[in-house]
Amino acid sequence: MIIFDFDQTLVDTSSVEQLRAARNWKAVMAKAPQLPVYEGMTELLSELHASGHTLAIVTKSPDMVPKAFIRAHKWPIDIVVGYHQVKNKKPDPEGLLLAMSKAGASPENTYHVGDQPQDTEASRGAGVMALGSAWGCGDIQGLEASNPDEIFSTVADLAVFLKSGVVRVS
């Protein structure tokens, strides 16, 4: 199983960060169609799904935001855990554990891709491999200091790693 963070990992949401911080989700949703998906991400998600990987999104945002992208871009993601589905947000591993439970996945076959130290901490708490996504990261030094198992500068680099056979089908 491969679990992705949403903001700054799948989609560049930096232009709506102030709206997100103010929890103005109506305005975020209005701007969602203009938010760019990182280059190569839609293709990577399709390829991973086609090769048998279960894909999920775990985000500190409400699930309506990533679900809109799933619909708009036809992403093959069935499991979305937003902040309404958990009592404890990342860095707590609750969201990751819930996604794995929904998929019937085990920690040793699960990978979590995220851009923040909180993602690495949640990965550690859930016992899954932490993959750092530096391409949208606003604090590379913080991400590096959180010591994920691997850090990738581009989606293409992540794709090479994930498709190299390192990731087992779950």
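All of these numbers come straight from a predicted model, not from anything done at the bench.
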Under 4.5 Å between side-chain heavy atoms, counting indirect links through other Ile/Leu/Val/Met/Phe/Trp/Tyr residues: same cluster for Leu143 and Phe152 or not?
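No, it is not one cluster - the side chains of Leu143 and Phe152 are not joined through contacts under 4.5 Å.
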
Are Ile151 and Val113 connected in a single hydrophobic cluster, I mean Ile/Leu/Val/Met/Phe/Trp/Tyr linked by side-chain heavy atoms less than 4.5 Å apart?
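They do not share one cluster, since no chain of ILVMFWY contacts under 4.5 Å joins Val113 to Ile151.
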
Compare all side-chain heavy atoms of [X] with those of [Y] and state whether any distance is below 4.5 angstrom.
X: Ile3; Y: Met100; result: yes
X: Pro76; Y: Leu55; result: yes
X: Phe69; Y: Leu10; result: no
X: Ile2; Y: Leu48; result: yes
X: Trp75; Y: Val80; result: no

Using a 3.5 Å distance criterion without hydrogens, assess whether the side chain of [X] forms a donor-acceptor pair with backbone atoms of [Y].
X: Gln118; Y: Lys90; value: no
X: Thr13; Y: Val16; value: no
X: Thr9; Y: Phe6; value: no
X: Gln8; Y: Gly138; value: no
X: Ser101; Y: Leu97; value: no
X: Glu17; Y: Ser14; value: no

Say you draw a straight line from [atom1] of [X] to [atom2] of [Y]; how long is it, rounded to the nearest 0.5 Å?
X: Lys163; Y: Glu47; atom1: NZ; atom2: CD; value: 3.5 Å
X: Phe161; Y: Met129; atom1: CZ; atom2: CE; value: 5.0 Å
X: Asp149; Y: Ser123; atom1: CG; atom2: OG; value: 8.0 Å
X: Thr120; Y: Leu131; atom1: OG1; atom2: CG; value: 9.0 Å
X: Leu98; Y: Lys87; atom1: CG; atom2: NZ; value: 12.0 Å
X: Leu162; Y: Ser51; atom1: CG; atom2: OG; value: 9.0 Å

Taking atom types as modelled, find out whether Asp5 and Gln116 have a side-chain donor-acceptor pair closer than 3.5 angstrom.
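Not at all, the side chains of Asp5 and Gln116 share no donor-acceptor pair under 3.5 Å.
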
Please check if the number of heavy atoms outside Gln18 that lie under 6.0 Å from its CD is greater than 12.
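For Gln18, atom CD is not crowded (no more than 12 foreign heavy atoms under 6.0 Å).
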
Within a radius of less than 6.0 Å around CG of Asp78, do more than 12 heavy atoms belonging to other residues, nucleotides or ligands occur?
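No, the 6.0 Å shell around CG holds no more than 12 heavy atoms from other groups.
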
Non-hydrogen atoms of [X] and [Y] that approach each other most closely:
X: Val58; Y: Gly95; result: CG2-O, 3.6 Å
X: Ala126; Y: Pro93; result: N-CB, 3.6 Å
X: Gly136; Y: Asp115; result: O-OD2, 4.3 Å

Carboxylate-amine/guanidinium proximity below 4.0 Å for Arg124 and Glu121
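Between Glu121 and Arg124 there is no salt bridge, as every charged N stays at least 4.0 Å from the carboxylate O atoms.
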
Mind telling me whether Trp135 and Tyr38 have parallel, tilted or perpendicular rings, with 30° and 60° as the class edges?
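Rings of Tyr38 and Trp135: perpendicular, over 60°.
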
Test side-chain contact (heavy atoms from CB on, under 4.5 Å) on Leu44 and Val155; report intermediate values, then the result.
CA-CA 8 Å; Leu44 175 60; Val155 174; 4.2 Å; yes

Please name all residues satisfying side chain to side chain donor-acceptor pair (under 3.5 Å) with Glu39, sequence neighbours left out, ordered by chain then number.
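Glu39: no side chain to side chain donor-acceptor pair (under 3.5 Å) contacts found.
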
